[in-house]
Amino acid sequence: MLDWKWVRENKDFVRRALETRNSSPELLEEILAVDEKRRGLQREVDELKAKKNQLSKNVGACKKEGKDPAPLLREIEGIAVTIEKLDRELKEIEKIWEEKLLFLPNLPHHTVPVGRSEEENVEVRRWGEPRRFDFSPRPHWEIGEELGILDFERGAKVASSRFTVLWGQGALLERALINFMLDLHTEQHGYKEVFPPFLVNTKTMIGTGQLPKFYEDLYHCQDDLHLIPTAEVPVTNLHAGEILEEEDLPLSYVAYTACFRREAGSYGKDVRGLIRQHQFNKVELLKFAHPESSYEELESLVHDAEMVLQLLGLPYRVVALCTGDLGFAAAKTYDLEVWLPSQGRYREISSCSNFEDFQARRANIRFRSASGKVAYVHTLNGSGVAVGRTLLAILENYQEKDGTVVIPEVLRRYMHGLELLIPSVR
RNA sequence: GGAGAGGUGGCCGAGUUGGUUGAAGGCGCUCGACUCGAAAUCGAGUAGGCAAGUGAGAGCUUGCCUCGUGGGUUCGAAUCCCACCCUCUCCGCCA
């Protein structure tokens with residue numbers, strides 16, 4: 001949610017900013033119109049209420065003095081009728097205003113490159129040299145099935161397409177990656193580990209911006225609960241409605257969770273393999289930062305995520321998303337893209353964003369500064385990193401001609417010293 | 001799921017014969033005094049949201065709303081009534 005008073009005073013700037021992110025301008029105009037009505041009504045109602053409150057006080061005083069309050073009561077009666085009518089109107093219009101406001105996206109930070117789509121994202125840096133193969137590198141689904149660790153058929157049987165079963169050393173590798181990432185971020189980068197619920201209520205989904213706009217992307221359960229699409233949702237909302245201490249900022253959390261996404265609208269995309277699943281594991285980095293230093297915190301968060309790929313020896317690049325490719329709630333986003341030999345290109349494995357106070361407003365997360373003033377914090381998060389895609393990247397980047405896969409050095413202590421995955425059928 | 005207790009400001013905690021109580025007191029925090037400095041002590045200040053006015057601005061002034069949430073009763077509710085949510089204790093069930 002944007003700072004509405006500020007929006008009202010900077011309409012033109014907001015209009016232009018929304019344009020750069022391909023957001024239609026009509027919504028803004030609608031909200032502005034509703035807001036005009038809302039404020040007019042509130043002024044009117046407030047004045048009437050002030051009058052009525054004063055008269056009510058007089059009734060008390062009147063009775064104390066032993067006088068007859070009847071004339072006052074008649075006057076109050078008349079005002080009360082008007083108030084009730086206007087108050088109902090005001091409430092309705094406030095509801096409409098708030099609901100519309102929830103659909104207005106965040107504005108891009110001024111450092112975000114302007115562009116219409118993905119193609120105009122800007123590469124910031126590269127790390128690692130894609131390996132030169134003396135054979136044609138195979139896709140991970142072939143490697144994984146041959147190793148007997150990836151089972152797509154049974155995933156589809158017990159659930160549906162886009163679900164995968166990991167067997168034996170594949171399951172172990174998944175678990176090893178999670179532990180490796182958690183240990184790295186807690187021990188080397190100073191994050192506090194959290195294990196949050198995988199189901200959250202509607203209010204929580206609204207807090208981080210998934211609802212009401214992206215209802216179709218989520219799985220919904222009974223009892224006002226929804227499956228989380230990312231740890232960002234429960235963990236950011238951990239501090240919803242709270243006032244944090246300025247000296248505690250930034251708070252840095254790392255959480256492993258499973259993530260659930262319906263992937264509605266991505267039919268036909270990445271249908272094979274592990275790239276796009278309805279359920280996947282992710283280790284997520286989150287920060288609650290002081291507004292003055294949130295962009296420095298974003299840079300350090302990106303570096304923390306990059307370290308995972310560097311230690312695993314996976315070549316990647318960092319991309320700054322352009323205004324047109326920015327997510328609904330983000331003010332600025334860097335994607336980490338890992339090299340996939342079978343596709344001969346980089347694919348997203350992490351997305352790191354500063355949401356500024358957009359989520360903090362929705363979830364009401366604030367801090368008290370030394371001067372006693374209360375202000376919204378900035379929230380940030382980024383994958384550190386997506387586990388399934390990391391596993392797939394390892395299979396592809398570390399594959400050998402004979403079908404074996406070398407386990408990256410840093411993972412071996414998490415895998416009982418295992419150095420090589422070998423096809424069981426050999 | 002059943003029975004009981006409870007949800008008040010950053011925190012703790014008063015406040016149920018409805019009426020200057022948006023809220024005593026304490027802690028914490030801020031400023032000031034004392035001090036070379038600090039501690040202790042003393043004094044002052046200290047909820048949030050919305051709207052309007054004023055100011056270049058930090059801010060200041062006024063009004064409205066908020067004592068879990070939403071309704072209701074009443075001229076007037078933290079205080080009375082109803083529904084829901086949450087916490088705690090006991091019982092049941094359960095990994």
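Values below: every heavy atom of this structure, side chains too, minus hydrogens, waters and symmetry copies. Naming: A, B, ... by sequence-line order, numbering from 1 per chain.
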Problem set entry | Closest listed nucleotide, where the reference is the side chain of Val374(A) and the choices are C65(B), G63(B), G48(B) |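 Looking only at side-chain atoms, Val374(A) lies closest to G48(B).
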
Exercise. Nearest to the side chain of Lys5(A), which nucleotide is it out of G71(B), A51(B), C64(B)?
Worked result: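 Selected nucleotide: A51(B).
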
Exercise. Atom CG of Leu225(A) to atom C1' of C86(B): distance rounded to whole Å?
Worked result: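 After rounding, the gap between these two atoms is 14 Å.
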
For this session: Take the protein atom CG of Leu41(A) and the nucleotide atom C1' of C64(B), then report the distance between them rounded to whole Å.
Result: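 Interatomic distance, CG of Leu41(A) to C1' of C64(B): 14 Å.
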
For this session: Stems involving RNA chain B: give each as a range paired with a range, ordered by first number, where a stem means at least three consecutive Watson-Crick or G-U wobble pairs under 3.5 Å.
Result: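 Listed by first number, the stems are B:1-7 with B:85-91, B:10-12 with B:25-27, B:28-33 with B:41-46, B:47-54 with B:59-66, B:68-72 with B:80-84.
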
Short side-chain to backbone donor-acceptor contact, [X] and [Y], under 3.5 Å:
X         : Y         : value
Asn22(A)  : Arg116(A) : yes
Glu284(A) : Ala255(A) : no
Arg38(A)  : Glu94(A)  : no

Is it true that the side chains of [X] and [Y] contain a donor and an acceptor less than 3.5 Å apart?
X         : Y         : answer
Asn106(A) : Glu356(A) : no
Thr204(A) : Asn201(A) : yes
Tyr334(A) : Glu299(A) : yes
Glu193(A) : Thr186(A) : no
His290(A) : Glu246(A) : yes

Please list, for nucleotides 73-77 of chain B, all pairs of protein and nucleotide N/O atoms separated by less than 3.5 Å.
from, atom 1, to, atom 2, distance (Å)
C75(B), O2', Ser56(A), OG, 2.7
C75(B), N4, Lys63(A), NZ, 3.1
G76(B), OP1, Lys52(A), NZ, 3.2

Enumerate all atom pairs, one protein N or O and one N or O from nucleotides 10-13 of chain B, separated by less than 3.5 Å.
from, atom 1, to, atom 2, distance (Å)
G10(B), O4', Arg368(A), NH2, 3.4

Exercise. Hey, do the aromatic rings of Tyr215(A) and His220(A) have their centres closer than 6.0 Å?
Worked result: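 So the answer is yes for these two rings.
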
For this session: Name the residue closer to the 5' end of RNA chain B, choosing between Tyr376(A) and Glu47(A) according to the nucleotide with the nearest heavy atom.
Result: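 Taking each residue's closest nucleotide, the earlier one in sequence belongs to Tyr376(A).
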
Any base atoms under 4.0 Å from [X], or only sugar-phosphate, or nothing? Heavy atoms, all strands.
X         : answer
Arg361(A) : nothing
Arg8(A)   : sugar-phosphate
Lys51(A)  : nothing

Exercise. Hey, what's the ring geometry for Phe195(A) with Phe198(A), parallel, tilted or perpendicular (30° and 60° as the breaks)?
Worked result: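 Taking Phe198(A) first and then Phe195(A), their aromatic rings sit tilted (interplane angle of 30° to 60°).
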
Exercise. If the P atom of U74(B) is compared with that of C81(B), how far apart are they to the nearest Å?
Worked result: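 These two P atoms come out 16 Å apart once rounded.
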
For this session: Can you spot which of His378(A), Lys287(A), Lys332(A) makes a side chain to side chain donor-acceptor pair (under 3.5 Å) with Ser294(A)?
Result: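 Passing option: His378(A).
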
